[in-house]
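In each ligand, atom 1 is the first atom listed, and ligand 1 is the first ligand listed. Quick note: residue numbers are just sequence positions, from 1. Quick caveat, the model's predicted, so the values are computed rather than measured.
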Amino acid sequence: MTQFSIVIPTLNEAENIDPLLTRLFSLDLQKESFEVIIVDDGSADGTPARVRAWESRANVRLVERREKPDLTGSILAGAALARGNVIVVMDADLSHPPERVPALIAPVLDGSHDVAVGSRYIPGGSTEGWPLHRQWLSRLGGWLARPLCDVNDATSGFFAFRRELAATIAERARGYKILLELLVAGQGKLRVIEVPICFSDRTRGASKLSFSHQWTYLQRLMTLAGGTVSFGTASRFAVVGLFGVVVDALLFQWLMSNGAGLALAHIMSFFAAASVNYTLNSKWSFRLHHAGHLQWRQFSRFLTVGVFALLMRGGVLALLIYSWHIPSYLAIFPAIAATAVINYLGSAFYVFPVEHNP
Ligand code: GDD
């Protein structure tokens with residue numbers, strides 16, 4: 001009986017297939033107790049042929065996806081076909097030591113835990129041969145995920161979990177960080193254990209991690225944290241902000257030239273611009289993530305963020321001009337940039353956060 005299934009995503013890993021499967025099938029495990037499902041995303045280097053050569057000899061299955069290549073999508077496709085009640089996910093490049101599979105599955109197979117994470121960042125765990133920038137990126141990724149899930153290595157690609165949990169992963173989840181999705185979907189109720197592993201960088205083939213994967217990860221983290229941060233919302237927010245500046249300036253001039261006092265002109269033009277900005281942001285900038293109803297509570301939050309950003313702007317200006325002695329005509333630019341960032345993040349996380357479970 002198949003107790004657990006090892007799901008391995010591959011993209012151009014031909015040279016790694018034989019050593020990986022040799023090491024997996026040399027483990028001190030009953031051969032019929034596990035299966036290996038390799039999910040390939042259109043490798044052009046002969047990976048599928050290498051896997052097919054194993055299909056007749058061992059409990060190995062090849063799944064060839066035809067969709068757009070995606071790590072999370074591949075793992076979910078493999079999990080959907082798994083016969084075992086426990087699923088182990090690992091990379092094909094031997095950076096995850098196959099010899100740690102028994103230690104990883106034990107706490108899930110015995111029912112004491114729902115998820116076991118192969119962790120590089122607990123005592124006994126390590127990374128070997130990884131360039132410094134990858135070590136930093138990995139640490140940073142884990143650190144940023146910390147508020148969302150209480151594990152030391154949230155970006156690990158080596159983990160085991162109960163098969164049913166695959167259904168909890170959000171449909172729109174993409175990219176490298178399926179473990180994070182799994183942990184966040186569990187909403188803190190999963191019994192999670194970390195098992196130390198020694199990660200060693202691949203010696204054959206190349207990593208497929210790109211800048212766009214890292215950006216996707218960052219965006220996903222922010223969405224999971226409840227924010228509506230994206231290139232689309234940011235650029236629309238910027239357009240609305242510039243429009244608001246025009247409204248503010250024109251109204252201010254008009255009021256001043258029609259005899260309004262400075263205080264009245266200043267307050268009226270500020271409120272008019274804030275109201276226009278709020279309406280446009282609600283109806284347009286954040287419309288995809290948000291119902292778009294105008295609400296007083298939301299408007300007051302929008303104003304709160306605006307006032308906070310204004311105070312911050314004063315603080316930044318004071319710091320740059322008085323402490324760092326930067327001329328005021330230069331200091332205004334970083335101050336405006338800081339205000340824009342605060343305004344945008346405040347809007348994305350506080351005024352127009354994600355309304356439904358991502
Ligand atoms: N099917 C499929 N589709 N497989 C993919 C894809 C894809 O789009 N992209 C990558 N893979 C496979 C690779 O062939 C490899 O087996 C595994 O996924 C990991 O990909 P790498 O590109 O080698 O990842 P890495 O070594 O740079 O990244 C390591 O560190 C990350 C950050 O901690 C891995 O341990 C990752 O799992 C980990 O998330």
Classify the side-chain pair N281/R236 by whether it contains a donor and acceptor separated by less than 3.5 Å.
no
Residue and atom name of the nearest protein heavy atom (relative to atom 36 (C) of ligand 1), distance in Å to one decimal
D91 OD2, 3.5 Å
Determine whether a donor-acceptor pair (N or O, by modelled atom type, separation under 3.5 Å) exists between the side chain of S230 and the backbone of T233.
yes
Would you mind finding which of R120, E67, H96, H213 brings a heavy atom closest to atom 33 (O) of ligand 1?
R120
Using heavy atoms and a threshold below 4.0 Å, how should the contact between R202 and ligand 1 be classified: side chain, backbone, both, or neither?
side chain
Tell me if the NE2 atom of H213 is crowded by more than 12 foreign heavy atoms within 6.0 Å.
yes
Which residue and non-hydrogen atom of the protein lie closest to atom 26 (O) of ligand 1, and at what distance in Å?
D93 OD2, 3.5 Å
Do the numbers put R57 on top of the ring of W54, so that NZ or CZ is under 6.0 Å from the six-membered ring centre and no more than 45° off the axis?
yes
Does D40 reach ligand 1 with a nitrogen or oxygen that is under 3.5 Å from one of the ligand's nitrogen or oxygen atoms?
no
Look at atom 4 (N) of ligand 1 and find which of I178, L180, D41, T10 reaches it with the closest heavy atom.
T10
If the cut-off is 4.0 Å to any non-hydrogen atom of L209, which atoms of ligand 1 fall inside it?
22 (O), 27 (O)
Which of I17, L24, I37 passes side-chain contact (heavy atoms from CB on, under 4.5 Å) with I8? Answer is L24
For atom 28 (O) of ligand 1, what's the nearest protein heavy-atom neighbour? Residue, atom name and distance, please.
R134 NH2, 3.2 Å
Check for me whether F159 has a heavy atom closer than 4.0 Å to any atom of ligand 1.
no
So is F158 close enough to ligand 1, meaning a heavy atom under 4.0 angstrom away?
no
Protein contact to atom 22 (O) of ligand 1 [nearest heavy atom, distance to 0.1 Å]
K208 N, 2.5 Å
Counting heavy atoms only, which of S95, S207, S210 comes nearest to atom 27 (O) of ligand 1?
S207
Heavy-atom nearest neighbour in the protein, as seen from atom 38 (C) of ligand 1, with distance rounded to 0.1 Å:
T155 O, 3.4 Å
Between R120 and E194, is there a salt bridge with N-O shorter than 4.0 Å?
no
Can you name the atoms of ligand 1, numbered from 1 with element, that are less than 4.0 Å from a heavy atom of W130?
30 (O), 33 (O)
For ligand 1 and A206, I'd like to know whether there is a polar contact (N/O to N/O, distance under 3.5 Å).
no
Atom CZ of R313 with >12 non-hydrogen neighbours under 6.0 angstrom
no
Any idea which part of E13 is under 4.0 Å from ligand 1, heavy-atom wise: side chain, backbone, both or neither?
side chain
Under a 4.0 Å heavy-atom limit, does Y217 contact ligand 1 with its side chain, its backbone, both, or neither?
neither
Looking only at protein heavy atoms, which one is nearest to atom 11 (N) of ligand 1, and how far off is it?
L71 CD1, 3.6 Å
Parallel, tilted or perpendicular: which fits the ring planes of W130 and F199, with parallel below 30° and perpendicular above 60°?
tilted
Flag for T279-S282: side-chain donor and acceptor within less than 3.5 Å
no
For V39, is at least one N or O under 3.5 Å away from an N or O on ligand 1?
yes
Looking only at protein heavy atoms, identify the closest one to atom 32 (C) of ligand 1 and say how far it is in Å.
K177 NZ, 3.3 Å
Which heavy atom of the protein is the closest neighbour of atom 24 (O) of ligand 1, given with residue, atom name and distance?
Y176 CE2, 3.6 Å
Scan side-chain atoms only and decide if D110 and S112 contain a donor-acceptor pair under the 3.5 Å cut-off.
yes
Test of understanding: given a 4.0 Å heavy-atom threshold, classify the contact between P9 and ligand 1 as side chain, backbone, both, or neither.
both
Counting C-beta onward and ignoring hydrogens, is there a side-chain heavy-atom pair between L221 and L148 closer than 4.5 Å?
yes
For a 4.5 angstrom cut-off between non-hydrogen side-chain atoms, does F349 reach M222?
yes
Using heavy atoms and a threshold below 4.0 Å, how should the contact between L137 and ligand 1 be classified: side chain, backbone, both, or neither?
neither
Run the numbers for me: atoms of ligand 1, each under 4.0 Å from some heavy atom of G157, listed by number.
37 (O)
Region of D201 that comes within reach of ligand 1 [heavy atoms, distance under 4.0 Å]:
neither
Considering only NZ, NE, NH1 and NH2 on the basic side and carboxylate oxygens on the acidic side, decide whether E35 and R61 come within less than 4.0 Å.
yes
Against heavy atoms of S74, which atoms of ligand 1 measure under 4.0 Å?
1 (N), 2 (C), 3 (N)
Working for salt bridge (Lys or Arg N to Asp or Glu O under 4.0 Å), residues R202 and E15:
CA-CA 11 Å; R202 60 163 74 234; E15 291 174 287; over 6 Å; no
Is the shortest heavy-atom distance from the side chain of Q3 to the side chain of F34 under 4.5 Å?
no
